[in-house]
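What's counted below: heavy atoms across the whole structure, side chains too, no hydrogens, waters or symmetry copies.
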Amino acid sequence: DKIATSYVAASAGGSKVAVSGTVNLLDVANTAEAWIGVGAVVNANPAYRLATQAVIVNAEATIETINVGGIPSVLALVTGGTKSDGASIGGTYSGIAYTNTARAHIADGAVVSAETDVSVTAHTHVLAVIVTESGGKGKQFGIEGTVASNDIDTHALAWIEDDATVGAGRDVRVDASSDALGVLITGTIAQGGQAGIGASIALNDVAAETQAFIGDLEHDSPAVTGTPSLTFADNGVAADSITRDAGDEVADGFRAGQL
């Protein structure tokens, strides 16, 4: 219990027929998010910036599991856990699903400044281990089977929205990465006086989405409030002004607060 994330086991005995089976189902969902929000202002005043100051937005999502099924004891690894003077039938199924997500971003309308670097990074890590066995012995026949499956789905996204303003004295870094390792150890022991039949199936299904970019993903540009107007230099008696009656200043390329 100090090693395995999940553990299931069964054994059976009978004079004519012995039947045992185990099923292990586990669904793991993990999400890590880091962001600078819509319209946020970070380090806007140069007077408060240090020469070594940086802005780091980092999200890391990690899953590591060990799942054991169908092994009632250490001895069962050699002899099996189901025994009968007649027929022995056993099976083990382990199906583990993982959804692991890391998202880091600077949102629309944010104004971010750094004397050195601005870094937006996301990383996902999955280590999925399954150990399964099905074993039995019958004086007439033994039938055993195991199925082990890892279903791994990862999403690592790092981005800066297209309506964010970012200034750095050195580098602007946007990076996303992921790694996933699925380990499947399966086996059967089928012993019978007349026949022994055993089969094992192991499946790893891994889907990874990894994106790092500067662009429009969230579509969350802050709305312009009030009655925006553009005022030009005095051309005479009074300043000329243009007031918009309809439309969207942000769509024209302005940021909230500029009008």
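- A 4.5 Å side-chain heavy-atom check between W159 and R103 finds at least one atom pair inside the cut-off.
- When D153, T65, N30, D151 are each tested for a side-chain hydrogen bond (donor to acceptor under 3.5 Å, both in side chains) with Y98, only one passes: T65.
- The closest side-chain heavy-atom distance from V57 to H105 is not below 4.5 Å.
- There is a side-chain donor-acceptor pair under 3.5 Å between T210 and S178.
- With a 4.5 Å cut-off on side-chain heavy atoms, V126 and T124 do not count as touching.
- Residues E144 and T188 have side chains that never bring a donor and an acceptor to within less than 3.5 angstrom of each other.
- Between the side chains of E209 and H155, at least one donor N or O lies within less than 3.5 Å of an accepting N or O.
- When only modelled atom types and interatomic distance are considered, T146 and S134 share no side-chain donor-acceptor pair under 3.5 Å.
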Under the criterion side-chain contact (heavy atoms from CB on, under 4.5 Å), I'd like the reasoning laid out for T132 against V68: C-alpha separation, chi angles, the key distance, then a yes or no.
CA-CA 6 Å; T132 61; V68 180; over 6 Å; no
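- Between D162 and D108, the closest side-chain pair of non-hydrogen atoms falls below 4.5 Å.
- I3 and L127 end up in the same hydrophobic cluster when Ile, Leu, Val, Met, Phe, Trp and Tyr side chains are linked at under 4.5 Å.
- Remark: of the listed residues I214, L217, T165, I214 is the sole one forming a side chain to side chain contact (heavy atoms under 4.5 Å, CB included) with I160.
- To the nearest 0.5 Å, atoms CD1 (I130) and OG1 (T186) are separated by 9.5 Å.
- In the hydrophobic clustering of this structure, V174 groups with V112; members are Ile, Leu, Val, Met, Phe, Trp, Tyr whose side-chain heavy atoms approach within less than 4.5 Å, directly or through other members.
- Residues Y93 and L25 form a side-chain contact, since some pair of their non-hydrogen atoms from C-beta on lies under 4.5 Å apart.
- In this structure, Q211 contributes its side chain and A176 its backbone to no donor-acceptor pair below 3.5 Å.
- With a 4.5 Å cut-off on side-chain heavy atoms, V166 and I106 count as touching.
- For the residue pair T5 and N67, no side-chain donor N or O sits within less than 3.5 Å of a side-chain acceptor on the partner.
- The main-chain N or O of E133 is found under 3.5 Å from a side-chain atom of T92 such that the two form a donor-acceptor pair.
- In summary, the side chains of D117 and S119 do not present any donor paired with an acceptor at a separation below 3.5 Å, with no hydrogens or angles considered.
- No chain of hydrophobic side-chain contacts below 4.5 Å, direct or via other Ile, Leu, Val, Met, Phe, Trp or Tyr residues, connects L181 to V206.
- Nearest approach of Y7 to A4, heavy atoms of both residues: CB-CB, 4.4 Å.
- With 3.5 Å as the limit, one finds a donor-acceptor pair spanning the side chains of N24 and S6.
- A side-chain N or O of E64 and one of H125 form a donor-acceptor pair less than 3.5 Å apart.
- Between H123 and T121 the shortest side-chain heavy-atom distance does not fall below 4.5 Å.
- Ion pair R173/D175 flagged as a salt bridge, since at least one NZ, NE, NH1 or NH2 atom sits closer than 4.0 Å to an Asp/Glu carboxylate oxygen.
- If you take OG on S149 and CG on D205, they are separated by 7.0 Å, rounding to the nearest 0.5 Å.
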Decide side-chain contact (heavy atoms from CB on, under 4.5 Å) for V55 and N43; before the verdict, give the C-alpha distance in whole Å, the side-chain angles of both, and the deciding distance to 0.1 Å.
CA-CA 9 Å; V55 175; N43 297 328; 3.5 Å; yes
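- Heavy atoms only, all atoms of each residue included: A110 and I36 are closest at CB-CG2, 4.1 Å.
- One hydrophobic cluster, built from ILVMFWY side chains closer than 4.5 Å, cannot hold both I201 and V131; they sit in different ones.
- Distance alone, capped at 3.5 Å, is enough to place a donor-acceptor pair between the N100 side chain and the A61 backbone.
- Side-chain N or O atoms of S94 include none that pairs as donor or acceptor with a backbone N or O of A148 at under 3.5 Å.
- Residues L184 and N150 have side chains in contact (heavy-atom distance under 4.5 Å, counting atoms from C-beta outward).
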